[in-house]
Visitor: 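Below you will find the structure I want to go over with you.
Just so you know, ligand 1 is whichever comes first in the structure, and atom 1 is the first atom listed for that ligand. Values below: every heavy atom of this structure, side chains too, minus hydrogens, waters and symmetry copies.
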Amino acid sequence: MTVFESLQNIQASPTMAVTQRARELREGGADVLALGAGEPDFATPDFVQDAIVKALHAGETRYTPVDGTPALKKAVIDKFARENNLTYNNDQITAGTGGKQICFNALAASLKPREEVLIPAPYWVSYPAMTILAGGVPKIIECPRADGYKLTPKTLAATITNKTRWLILNSPNNPTGAAYHHDELAALAEVLRKHPKVWVLSDDIYEHIIYDDFVFHTLAQVAPDLADRILIVNGVSKSYAMTGLRLGYGAGPASLIGAIRKLQSHTTSNPSSISQAGAVAALNGPQDFLYEWREAFRRRRDACLESLQRAPGITCTRPEGAFYLFADVTELVGTTTPDGQAITDDVALCRYLLEDKHVAVVPGTAFGMAGHFRLSYATSDAILAQACERIAKAAGTLKGSS
Ligand code: PLP
């Protein structure tokens, strides 16, 4: 199938659609509280900004090696050694225009026609679309609230077929904030050992945004014997508030990294030279500010949880990472608004919240799990307090559940 043909089976990003509609309402004068987007509201750290300006003035505005400068590769290798106890060589590291490009490149550079990619749901909206564009078949695995929105070994074992090429694991997860503990990863590794043809894309982009006593582990660390079929995807967007700079990186088997390099050499070439300089500074620099950011996110998470849990018909699981709440609103489906609008599903509820209450959240349907909405708490405490109050009040006025 050509990319043109594949595109006919794909929708534009629903999270971006919500953000766009919120912008339109705001331009029309409405006081819209936007909790749709997935990016930190903090400024990029000063020392990162300085490194970018310095690189610019030093003339670092030329092409670099396709998959990253030697300085960036070294910073990434050091990061994996320091934080994850993993050892990589230069030919096992790639850098691209955001973690998004690394994910897409990995699938496009490896999938044979109609091979399956296992995607636990709720999932980041782009995984199924990327799989389709890369000529593969997304196989969605439902991971309900009862399982903490996490993939269980039993479900994984039951879902793998001889067409399965990849499993995508995202921890901490967008949209649920669920994060896999060491033992949970070890149990999934047990299943994967029985299926040597299945590779794992471990999307660790929210690695540093974790709460309470949670200790982050990545699968390759827990199961080093599987490392030759694991691609770790990470980047500086979320951890270092550098979303617009578009810099992600991957670590995995040299054969896959080589195929990614070849693909990238004919599409986008190197990621922005000055963004690479910024990423080197971010990875090598002081990391203490991350503690403060985490504390701010934790405070916001707790405030939103408390506020929403008091709302009728809304149930939230306590996230251990990322900066999202994934609210179960199945009890509100089948209700009616005071002016007679039918809340037929999560999409209708989010439309009502946006159009009438001016709060932008994203329906769970966009993430492969209906009956929910995702709220991003990467925004100020004041906006969050107001938004949660509006949501809770609106929920309280809905009449008659089905
Ligand atoms: N993976 C997940 C789970 C995400 O939520 C995102 C961004 O929203 C990305 C990867 C890609 O981030 P970026 O391309 O900005 O590095």
Visitor: Determine which pairs satisfy side-chain hydrogen bond (donor to acceptor under 3.5 Å, both in side chains) with at least one residue from residues 368-388, sequence neighbours left out, and list them in order.
Guide: Tyr149-His372, Asn174-Arg374, Tyr211-Tyr377, Arg299-Asp381, Arg300-Asp381
Visitor: Would you please write out the protein residues whose heavy atoms approach any atom of ligand 1 to under 4.0 angstrom, listed by chain and number?
Guide: Gly98, Gly99, Lys100, Trp124, Tyr127, Asn170, Asn174, Asp203, Ile205, Tyr206, Ser237, Lys238, Arg246
Visitor: Using the ring centroid of each side chain, check whether Phe373 and Phe326 are separated by less than 6.0 Å.
Guide: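 No, ring centres 6.0 Å or more apart.
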Visitor: Between Glu60 and Lys54, does at least one N-O distance fall below 4.0 Å, as a salt bridge requires?
Guide: no
Visitor: Regarding Asp67 and Lys73, does a basic nitrogen lie under 4.0 Å from an acidic carboxylate oxygen?
Guide: yes
Visitor: Taking the basic N atoms (NZ, or NE/NH1/NH2) and the acidic carboxylate oxygens, is any pair closer than 4.0 Å for Glu83 and Lys79?
Guide: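 A salt bridge is present here (some side-chain N lies under 4.0 Å from a carboxylate O).
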Visitor: Is there a donor-acceptor contact under 3.5 Å from the side chain of Asp50 to the main chain of Ile52?
Guide: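 Pair absent, no side-chain N/O of Asp50 close to backbone of Ile52.
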